[in-house]
Amino acid sequence: MTKPPRIYFDNAATTPVSEKALAAMLPYFRENFGNPSAIHHYGTEANKVVEERRKQVAKNIGAISSEIFFTSGGTESDNWAISHALAVNGRKGRHLVSTAIEHNAVLKPLERLEGSGWKATLIKPDEYGQITPEQLEEAIRPDTVLVSVIMASNVIGTILNIRELCATAHRHGVLFHTDAVQAAGHIPIDVRQLGVDLLSISAHKFQGPKGAGALFSKIPRVPVPLILGGGQEKGARSGTENVPGVVGLSQALTEAVENMDQNSKRLTDLRDQLIASTLRIPGTYLTGHPTNRLPGHASFVIEGLAHGAHLINELNEAGICASSGSACSASSREASGVLSALGLNEQLAMAALRLSLSPENTEEEVETVAKALARLIPKVRDLTKNNRYSH
Ligand SMILES: Cc1ncc(COP(=O)(O)O)c(C=O)c1O
């Protein structure tokens, strides 16, 4: 495979589609382009592949195919999980529990609900981004309808204890959703073991295509639709199915799950090398848990920078693509809510660096990035001190 000339360490934002996923998708653009609802040859072929791939996605997370609903990605799955839970359980009350480290795909729907009479309690994590069952126990009220907790943070990489948190919610008869967008394909997921009612995944975070995701729901009721129209997905989600997207999602997930042990060991080693070399630069601090974190995810805050974007720009000039937290807030002038929730002061929370790896990254790339950081962090600090960089 030809490697791009740049070093790409922003895989938590998005990943290149794997060769196998791409090859699996291609026939569904021209040879097998049918609309799965059509009853002729092309339609039935397309329908057959969507149902086969649904089974395959289900198998990869320990579910059954009737529990998988295809979506346009993580954002839609998160929005839908929340609205479905409210529709099913809304009679119980008007209270929701989530955490201060969720992605906006969860936080924004909660904000909107707060505008229409709902109340959301956001649990503050400890300094590593973890929350405990005791904290959840305290937050749950008799009128709580849903608990939604991210499985692994996109900003700081910490993996949360979903099994225990879900058991706590269930003891109180509360539905549980997890945003597993960063976790799927990277760490093992078995929905039965976890016990969750709802779970969101997105293909482009594990080398599948953008615009393809899935919602797992074991609630014994077809999810209340967010999108109305032709009644596809058993009436749960209208719109002609994204057949190549479904194929790419399922192929990439299968590949990621098959290679997970091997990839995870290798990526953990590379990540730890990257963490060790970065922390040798004075005034750099790891964010998130030191070990209980996503295999390819290293995140830091750095003293003496006015904004993480200044370092990202210098790295970019040097041919290295990284990010300063989540992709959606790359150029934001506000500190990441996640980093502030960890108790970091605003100045440090503004100066974040996230390096996220995929199985396509190499040890040489890690060494090159380590050297570049040792050179560029002092450079950006100097420029900041001399007012060449400000907010
Ligand atoms: C944790 C998390 N949830 C949800 C999303 C949204 O997923 P998508 O880009 O597929 O809409 C992302 C993507 O950045 C994410 O990292």
Side-chain angles (χ1 to χ4, degrees), residues 8-17 21 57 61 68-83 98-111 122 125 129-131 148-160 162 165 177-187 189 196 198-216 226-227 237 239 242 245-246 248-250 252-253 256 287-288 293-299 321-332 336-339 341 352 354-358:
Y8 184 77
F9 274 19
D10 195 15
N11 290 281
T14 197
T15 54
V17 174
V57 170
I61 60 168
I68 302 297
F69 299 87
F70 291 118
T71 67
S72 64
T75 302
E76 184 187 332
S77 298
D78 283 346
N79 276 254
W80 196 12
I82 295 168
S83 72
S98 190
T99 79
I101 62 161
E102 299 301 309
H103 190 273
N104 274 339
V106 167
L107 291 178
K108 292 288 173 186
L110 297 187
E111 240 175 60
L122 299 184
Q130 303 174 122
I131 66 165
S148 182
V149 178
I150 196 164
M151 187 177 290
S153 167
N154 50 317
V155 180
I156 55 170
T158 299
I159 298 168
L160 284 92
I162 295 303
L165 296 168
H177 165 248
T178 186
D179 172 342
V181 167
Q182 292 288 337
H186 299 269
I187 57 173
I189 292 182
V196 296
L198 297 148
L199 177 142
S200 306
I201 65 172
S202 175
H204 74 108
K205 306 291 188 179
F206 49 79
Q207 301 209 258
K210 292 163 191 61
L215 175 66
F216 157 82
L226 268 190
I227 300 172
R237 185 196 187 264
N242 173 6
V246 163
L249 165 88
S250 112
L253 184 60
T287 55
R293 60 187 301 135
L294 289 168
H297 190 294
S299 54
C321 300
S323 76
S324 169
S326 72
C328 341
S329 60
S331 57
S332 166
S336 149
V338 174
L339 296 176
R354 181 181 72 180
L355 305 168
S356 46
L357 311 174
S358 87

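We number each residue from 1, following the sequence as shown. Ligands are counted one by one from 1 in listed order, and the atoms in each one are counted from 1 as well.
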Which of the numbered atoms in ligand 1 are below 4.0 angstrom from a heavy atom of [X]?
X    : result
S202 : 8 (P), 10 (O)
I150 : 1 (C)
D78  : 3 (N), 4 (C)
T75  : 6 (C), 7 (O), 8 (P), 11 (O)
G73  : 10 (O)

Nitrogen or oxygen atoms of E76 and ligand 1 under 3.5 Å apart: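 In this structure, E76 places no N or O atom under 3.5 Å from an N or O of ligand 1.
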Nitrogen or oxygen atoms of G74 and ligand 1 under 3.5 Å apart: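 Yes, at least one N or O pair falls under 3.5 Å.
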Structural part of V106 in contact with ligand 1, heavy atom criterion under 4.0 angstrom: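 V106 to ligand 1: no contact under 4.0 Å from either part.
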Proximity of K205 to ligand 1 by residue part, where a heavy atom lies under 4.0 Å: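 It is the side chain that gets close, since no backbone atom is under 4.0 Å.
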Working for side chain to side chain contact (heavy atoms under 4.5 Å, CB included), residues I101 and L160: CA-CA 11 Å; I101 62 161; L160 284 92; 4.0 Å; yes
Heavy-atom side-chain contact between F206 and H186 under 4.5 Å: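 A side-chain contact exists here, since the closest heavy-atom pair is under 4.5 Å.
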Minimum non-hydrogen distance to atom 1 (C) of ligand 1, winning option of N79, D179, N104: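 Checking each option, the heavy atom nearest atom 1 (C) of ligand 1 is found in D179.
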From H204, K210, E102, Q182 - option closest to atom 16 (O) of ligand 1 by heavy atom: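 Ranked by closest heavy atom to atom 16 (O) of ligand 1, first place is Q182.
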Option passing side-chain hydrogen bond (donor to acceptor under 3.5 Å, both in side chains) with S200 (candidates N79, D179, D78):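 Among N79, D179, D78, the one meeting side-chain hydrogen bond (donor to acceptor under 3.5 Å, both in side chains) with S200 is D78.
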Side chain to side chain donor-acceptor pair (under 3.5 Å) between T158 and S153, intermediate numbers included: CA-CA 5 Å; T158 299; S153 167; over 6 Å; no
Can you give me the closest heavy-atom contact between [X] and [Y], atom names plus distance?
X    : Y    : value
Y8   : T14  : OH-O, 2.6 Å
A12  : N154 : CB-O, 4.4 Å
L215 : A81  : CD1-CB, 3.8 Å

Point-to-point distance, once rounded to the nearest 0.5 Å, from OG of S358 to CG of D10: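 Taking OG in S358 and CG in D10, the distance rounds to 11.0 Å.
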